[in-house]
Structure formats: structure tokens, C-alpha cells
Peer 1: 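My structure is below; once you've seen it, I'll send some questions.
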Amino acid sequence: RVRPPFEMLWFGGPGPARMLSRHWGVSAPLAVGSRLFLTGQHSVLAIDAYNGRELWCRSLPGAGRKYALKNGSNFVADATNLYVAIGPVCHRLDQGSGQRIAVYRIPDMPDAGNTNGSEGQWGYVSVSDNLLLGSRLRGPASANEGTCVFALDKASGQTRWVYRVKRTVVTTAIALGGDRILLLDATAPEEAAKLQRRGDAD
């Protein structure tokens, strides 16, 4: 029933009211099948990728992550679900309805060296088959210094394994490929710069 010629359809929305400022470099929209997902300041939205119609909006305070270019995006998807990391937890949402299916917590690590009594923040987030992968940050996401990388079982939320880093791992220095996860365990760039200024590093 649909015949060419096809033309670009211009559409507005969801508008700036629910979005973070573009100057803050937030996570880019995520396309899965016929849906487009994006994070507002305190919400997650699903948009029809073909006509721009808003399908649903889920209130999630703090959903938007600033400076994703440096700190990495905080949401990812598999074939049917959307995973949004906020603070120490990751929310699993149904792509079709936006209903919350589960909430995952980062593994309990009392000796992880978190600052200001914080239980740590969720940094890296990715999915692979039946696993939800993440990294634990020492402080807020803006600090971007990870103390460990871990995998949780999607179905149960139980910890499958934890890799404790020897120095630190930043969110953008973690990559998933096939059945392997690759990471750079090294001195944080800010700390390396301090050492160089003091003459303690090459």
C-alpha cells in the first residue's frame, strides 16, 4: 500500500522541557528496530522511529547522564528490554510498554574505596546474552574512576563474576566483543597528570 516516491517527514517533540541541555553532551538516542529511545533529565522516552510519535514516557529521576562523551552512555538495549543505569542501580524496562521489569544493584564491595561514604555509582553498562555488564565508580559518574568490572545474571540479578582493577578503569576504556570484555586498567588521566607535574612519572 505504500509506494514511492518517499519524502522526509519532519516532526517535532519531545521538545526541550524534558531534555538535558545539548551543551552537556548527554547520551545519544538509541535505535532498536522501529523504536528510538532517549533519556530526558528525569525520564526515558520511546519514539516511533518512522513518524516521531511518542510511544511512552517513563519517569526516572536522574535518568540523563551529563558528558557522555567522556563518561560513556548510561543506557543500552537487547532485543526486548532497555537498561538504564542511574546512581548505584540499573533499571530494566520493557521496550514496548516502558514498564519496569527489574532493578539491579552493583555488587556489594565494602573495601572498594568509595569516597564520602558512597556505595558507588554505576559507570559502564552493556548486555551480552544473559548477562548485564557494568563497572563500579568510586564516586559520582563525573569522576569516572572505576574500581571493578562485573557481570550480573539478567534473570536473577545475582553476581556472576567481578574483576577488581589494580589501578583504575574509566568507562570509555571498556569494550565488549564476542565472548570477551576488554578494558584498560591504568592510572587515571587526572592522576597521571598530577604525577607528571610532580616529576614522578614519565
Side-chain angles (χ1 to χ4, degrees), residues 13-22 24-49 54-108 118-144 146 148-160 169-172 174-176 181:
R18 290 175 287 176
M19 299 293 102
L20 285 165
S21 170
R22 64 185 177 87
W24 288 344
V26 298
S27 302
L30 184 64
V32 183
S34 62
R35 301 185 184 102
L36 190 67
F37 302 98
L38 57 157
T39 53
Q41 186 165 6
H42 299 297
S43 59
V44 178
L45 297 93
I47 306 293
D48 188 304
E54 185 174 315
L55 302 174
W56 53 259
C57 178
R58 175 81 189 190
S59 175
L60 280 178
R65 176 180 286 183
K66 298 179 182 179
Y67 313 120
L69 182 64
K70 172 189 174 185
N71 303 326
S73 176
N74 66 321
F75 72 127
V76 69
D78 56 21
T80 58
N81 298 132
L82 188 69
Y83 303 81
V84 187
I86 306 171
V89 302
C90 184
H91 302 266
R92 179 179 179 179
L93 308 178
D94 177 78
Q95 288 185 16
S97 65
Q99 292 300 309
R100 182 162 37 208
I101 296 173
V103 177
Y104 306 89
R105 301 196 71 85
I106 53 180
D108 184 25
S118 169
E119 58 180 327
Q121 302 288 309
W122 199 301
Y124 175 80
V125 59
S126 187
V127 288
S128 177
D129 296 327
N130 61 340
L131 297 179
L132 173 63
L133 305 165
S135 68
R136 181 191 186 104
L137 304 180
R138 284 192 173 89
S142 58
N144 199 16
C148 73
V149 177
F150 57 86
L152 306 180
D153 186 280
K154 281 184 186 178
S156 66
Q158 295 297 312
T159 303
R160 294 283 291 274
V169 58
V170 297
T171 305
T172 51
I174 306 172
L176 179 66
I181 186 166

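Hydrogens, waters and symmetry mates are skipped; everything else that's a heavy atom, side chains included, is used.
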Peer 1: List the steps and the verdict of side chain to side chain contact (heavy atoms under 4.5 Å, CB included) for Glu54 and Leu45.
Peer 2: CA-CA 7 Å; Glu54 185 174 315; Leu45 297 93; 3.6 Å; yes
Peer 1: Side chains of Gln95 and Val32: does their closest heavy-atom pair fall under 4.5 Å?
Peer 2: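 Yes; the side chains approach each other to less than 4.5 Å.
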Peer 1: To check you understand the geometry: which heavy-atom pair defines the closest contact between Gln121 and Pro88, and what is its length?
Peer 2: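 For Gln121 and Pro88, the tightest heavy-atom pair comes out as OE1-N, 4.3 Å.
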Peer 1: In Å and rounded to the nearest 0.5 Å, what is the CG to CG distance from Leu36 to Asp48?
Peer 2: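 CG of Asp48 is found 9.5 Å from CG of Leu36.
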Peer 1: Is there side-chain contact between Leu38 and Val44, with at least one heavy-atom pair below 4.5 Å?
Peer 2: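 Sidechains of Val44 and Leu38: no contact.
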Peer 1: Side chains of Pro61 and Gln41: closer than 4.5 Å at any heavy-atom pair?
Peer 2: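 In short, these two side chains do not touch, never coming nearer than 4.5 Å.
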Peer 1: Could you point out which residue of Leu60, Val84, Asp94 forms a side chain to side chain contact (heavy atoms under 4.5 Å, CB included) with Arg100?
Peer 2: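 With Arg100 as partner, Leu60, Val84, Asp94 yield a single side chain to side chain contact (heavy atoms under 4.5 Å, CB included), made by Leu60.
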Peer 1: List the steps and the verdict of side chain to side chain contact (heavy atoms under 4.5 Å, CB included) for Asn81 and Leu93.
Peer 2: CA-CA 6 Å; Asn81 298 132; Leu93 308 178; over 6 Å; no
Peer 1: Check whether any side-chain heavy atom of Val149 lies under 4.5 Å from a side-chain heavy atom of Leu133, and answer yes or no.
Peer 2: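 Not in contact.
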Peer 1: Mind checking the OG-CE spacing from Ser43 to Met19? Nearest 0.5 Å is all I need.
Peer 2: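 Interatomic distance, Ser43 OG to Met19 CE, rounded to 0.5 Å: 5.5 Å.
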Peer 1: Once you round to the nearest 0.5 Å, how far does CZ of Phe37 lie from OG of Ser27?
Peer 2: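 Rounded to the nearest 0.5 Å, the CZ-OG separation comes out at 14.5 Å.
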Peer 1: Side-chain contact, heavy-atom cut-off 4.5 Å: Arg65 with Val26?
Peer 2: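 The answer is no, as the side chains (C-beta and beyond) never meet within the 4.5 Å cut-off.
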Peer 1: Shortest non-hydrogen contact from Val76 to Ser126?
Peer 2: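 In terms of heavy atoms, the two residues are closest at CG1-CA, 3.9 Å.
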Peer 1: Please give me the minimum heavy-atom distance between Ala151 and Leu131, naming the atom from each residue.
Peer 2: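 Smallest interatomic distance, heavy atoms only, reads CB-CD1, 4.3 Å.
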Peer 1: Stepwise, does the side chain to side chain contact (heavy atoms under 4.5 Å, CB included) test hold for Arg18 with Cys57?
Peer 2: CA-CA 10 Å; Arg18 290 175 287 176; Cys57 178; 3.6 Å; yes
Peer 1: Can you check whether Arg160 reaches Leu152 side chain to side chain, under 4.5 Å on heavy atoms?
Peer 2: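 The answer is no, as the side chains (C-beta and beyond) never meet within the 4.5 Å cut-off.
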Peer 1: Could you tell me whether Ile101 atom CD1 has more than 12 heavy atoms of other residues or ligands within 6.0 Å of it?
Peer 2: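 Counting other residues, nucleotides and ligands, CD1 of Ile101 exceeds 12 neighbours.
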Peer 1: What's the separation between atom OG1 in Thr159 and atom CZ in Arg105, rounded to the nearest 0.5 Å?
Peer 2: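 Answer rounded to 0.5 Å: 12.0 Å.
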Peer 1: Taking the six-membered ring for Trp and the single ring otherwise, decide whether the centroids of Trp122 and Phe150 are under 6.0 Å apart.
Peer 2: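 Aromatic pair counts; centres sit under 6.0 Å.
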Peer 1: Kindly indicate whether the side chain of Leu132, heavy atoms from C-beta on, has any atom under 4.5 Å from the side chain of Tyr83.
Peer 2: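 Contact flag for Leu132/Tyr83 side chains = yes.
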Peer 1: Do the non-hydrogen side-chain atoms of Arg58 and Gln99 ever get within less than 4.5 Å of each other?
Peer 2: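 Of all side-chain heavy-atom pairs linking Gln99 with Arg58, at least one is under 4.5 Å.
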Peer 1: Quick one: does His91's side chain have a donor or acceptor within less than 3.5 Å of a partner on Val103's backbone?
Peer 2: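 Between the backbone of Val103 and the side chain of His91 there is no qualifying donor-acceptor contact (under 3.5 Å).
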Peer 1: How far does SG of Cys90 sit from CG of Asn74, to the nearest 0.5 angstrom?
Peer 2: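 Answer rounded to 0.5 Å: 8.5 Å.
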Peer 1: Kindly compute the distance separating OH (Tyr104) from OG (Ser156), expressed to the nearest 0.5 Å.
Peer 2: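 If we round to the nearest 0.5 Å, Tyr104:OH and Ser156:OG are 8.5 Å apart.
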Peer 1: Please determine whether side chain to side chain contact (heavy atoms under 4.5 Å, CB included) holds for the pair Leu55 and Arg35, giving the CA-CA distance in whole Å, both sets of side-chain angles, and the decisive distance to 0.1 Å.
Peer 2: CA-CA 9 Å; Leu55 302 174; Arg35 301 185 184 102; 3.9 Å; yes
Peer 1: One thing to verify: whether Asp78 and Lys154 come together as a salt bridge, which I'm taking to mean a side-chain N less than 4.0 angstrom from a carboxylate O.
Peer 2: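 Salt bridge: yes.
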Peer 1: Would Thr171 and Asn71 count as having a side-chain donor-acceptor pair, cut-off 3.5 Å?
Peer 2: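 No donor-acceptor contact under 3.5 Å links the two side chains.
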Peer 1: Might you point out which heavy atoms bring Gly62 and Ile86 nearest each other, and give the distance in Å?
Peer 2: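 Where Gly62 meets Ile86 most closely, the heavy atoms are O-CG2, 3.6 Å.
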